[in-house]
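Notes to accompany the following structure.
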Protein chains: 2
Amino acid sequence: MDKSQPENLKNVGLKSTLPRLKILGLFESGQERHMSAEDVYKQLLSTGDDVGLATVYRVLTQFQQAGLLVRHNFEGGKSVFELNQGKHHDHIVCLQCGHVEEFYDSAIESRQKKVAAELGFEVHDHSLQIYADCTKAKCPNKR
Amino acid sequence: MDKSQPENLKNVGLKSTLPRLKILGLFESGQERHMSAEDVYKQLLSTGDDVGLATVYRVLTQFQQAGLLVRHNFEGGKSVFELNQGKHHDHIVCLQCGHVEEFYDSAIESRQKKVAAELGFEVHDHSLQIYADCTKAKCPNKR
DNA sequence: AATGCAAATGAGAACGATTATCATTCACCT
DNA sequence: AGGTGAATGATAATCGTTCTCATTTGCATT
């Protein structure tokens, strides 16, 4: 199984504490790929692995800064995190069910770099979301 | 000059009241293209055209729903609005000074449609922001 | 294995952006 | 001009998130 080795945390300069191991383990379990702080908090509560909400927020931010997680700001105000698996991608978010699908398009990526360069900007990051209705059967069509 | 004709509001089904005319006029004045609710509120205060903050929020949302304004959710939590002038575009946001530059790239647009279609989604909307450092002299490099 | 200490945690207060409530005021029709 | 339902403004409430600070914990050292 996946056991979120303490080494993972040590390697990025974070002391391996119980709350941090539980939170990382939750992302590594692969149950849910995209989770908000609230999602993580409730998930841990439900399994009896209580971690304070403040700690969840702190740890998620630390993990993001350490590069273990990636933060997304979709519509709706709240931040969503996912495990950073190296390969950058963008998202399509279903407006009906909230389901998130990932995609990568090299043409889009390269055009972005070109456009920014032409305007005299040095790109740090970008954020692309497509909001759509997912027409597939698997869409429960319900938030 | 620009006088935000009452007709503009009537046409979209909104009673033309003083607060609404002032807010629309502010966007039409072209002083500042991208403004948050707070920006609008302060701007109106500074010219003595007092409008309650709650009203600013309400009116901005109504204008967005009516299609007069477009709402953007850049990083940083607060919503930013701009006059809807028909032509869609994306944004580059300077992480130093917060300056916003607009761009449109048809290659990016068409690739998005294609990608979504391949994944079985019906696109409603999309949101693309490039976060960068603006290297131009005009950048005050300060938030 | 016991000790010490800085770093991490948790409970709750505080915060910033936004929305809801509700009494008062206004736009507009007759 | 007058009546009425919609719009406004002051304020309370809400939501996601961060801060504060007393207590606990990881872990290196005895």
Side-chain angles (χ1 to χ4, degrees), chain A residues 4-26 34-45 47-66 68-69 71-81 98 143, chain B residues 4-26 34-45 47-66 68-69 71-81 98 143:
Chain A
S4 24
Q5 308 287 2
E7 290 71 48
N8 291 345
L9 294 176
K10 295 262 180 62
N11 290 343
V12 297
L14 291 173
K15 192 184 284 187
S16 72
T17 65
L18 229 52
R20 295 213 258 239
L21 288 170
K22 284 175 185 169
I23 293 173
L24 184 54
L26 183 54
H34 301 88
M35 285 183 283
S36 66
E38 193 72 21
D39 293 337
V40 170
Y41 177 68
K42 285 185 181 158
Q43 191 62 41
L44 290 179
L45 270 192
T47 54
D49 299 311
D50 295 38
V51 173
L53 183 55
T55 301
V56 171
Y57 274 101
R58 263 187 309 238
V59 170
L60 289 177
T61 300
Q62 292 162 348
F63 282 4
Q64 183 219 330
Q65 289 168 343
L68 295 176
L69 297 179
R71 179 199 297 258
H72 299 294
N73 296 292
F74 298 155
E75 274 179 10
K78 46 175 61 175
S79 289
V80 174
F81 298 80
R143 265 193 185 283
Chain B
S4 28
Q5 308 286 3
E7 290 72 48
N8 291 345
L9 294 176
K10 295 263 180 61
N11 291 343
V12 298
L14 291 173
K15 193 182 285 189
S16 71
T17 66
L18 229 52
R20 296 214 260 238
L21 288 170
K22 286 176 184 166
I23 293 172
L24 184 54
L26 183 54
H34 301 89
M35 286 184 283
S36 67
E38 193 73 20
D39 293 336
V40 170
Y41 177 68
K42 286 184 179 156
Q43 190 62 41
L44 291 178
L45 271 192
T47 54
D49 299 311
D50 295 37
V51 172
L53 183 55
T55 302
V56 171
Y57 275 102
R58 262 186 309 239
V59 170
L60 289 177
T61 300
Q62 291 162 348
F63 282 3
Q64 182 219 331
Q65 289 168 341
L68 294 175
L69 297 179
R71 179 197 298 256
H72 299 294
N73 295 292
F74 298 154
E75 275 180 10
K78 46 176 59 176
S79 289
V80 174
F81 297 81
R143 263 195 186 282

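At least one side-chain heavy atom of L9(A) sits less than 4.5 Å from a side-chain heavy atom of L68(A).
Under the side-chain hydrogen bond (donor to acceptor under 3.5 Å, both in side chains) criterion, S36(A) pairs with D39(A), sequence neighbours left out. The ring pair (Phe, Tyr, Trp, His ring centres under 6.0 Å) test applied to H34(A) returns H91(A), not counting sequence neighbours. Shown here are the side-chain hydrogen bond (donor to acceptor under 3.5 Å, both in side chains) partners of Q62(A), two or more places apart in sequence or in another chain: R20(A). In this view, K78(B) satisfies the salt bridge (charged side-chain N to carboxylate O under 4.0 Å, His left out) rule with no residue, not counting sequence neighbours. For Q64(B), the side-chain hydrogen bond (donor to acceptor under 3.5 Å, both in side chains) partners are R71(B), not counting sequence neighbours. Residues satisfying the salt bridge (charged side-chain N to carboxylate O under 4.0 Å, His left out) test with K42(A), not counting sequence neighbours, are E38(A).
Protein chain B touches strand DNA chain C; the 5'-most and 3'-most nucleotides with an atom under 4.0 angstrom of its non-hydrogen atoms are dA17(C) to dC28(C).
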Extract from the structure each pairing of a protein N or O with an N or O of nucleotides 12-19 of chain D at less than 3.5 Å, listing the distance.
unit_1, atom_1, unit_2, atom_2, d
dG16(D), OP1, K78(A), NZ, 3.4
dT17(D), OP1, S79(A), N, 2.8
dT17(D), OP2, Y57(A), OH, 2.8

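What separates NZ of K15(B) from P of dT8(D) is a distance of 9 Å, to the nearest Å. As a whole-Å value, the separation of Y41(B) OH from dT11(D) P is 10 Å. With rounding to whole Å, I23(B) atom CD1 is found 12 Å from dA7(D) atom C1'. Protein atom CZ of R20(A) is 11 Å distant from nucleotide atom C1' of dT25(D), rounded to whole Å.
Among the heavy atoms of the strands lying under 4.0 Å from T17(A) are primed sugar atoms or P, OP1, OP2 only; no base atom is included.
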Under 3.5 Å, which donor-acceptor pairs do the side chains of residues 49-58 of chain A form with other protein atoms, sequence neighbours left out?
unit_1, atom_1, unit_2, atom_2, d
D49(A), OD2, T47(A), OG1, 2.9
T55(A), OG1, R58(A), NH2, 3.2

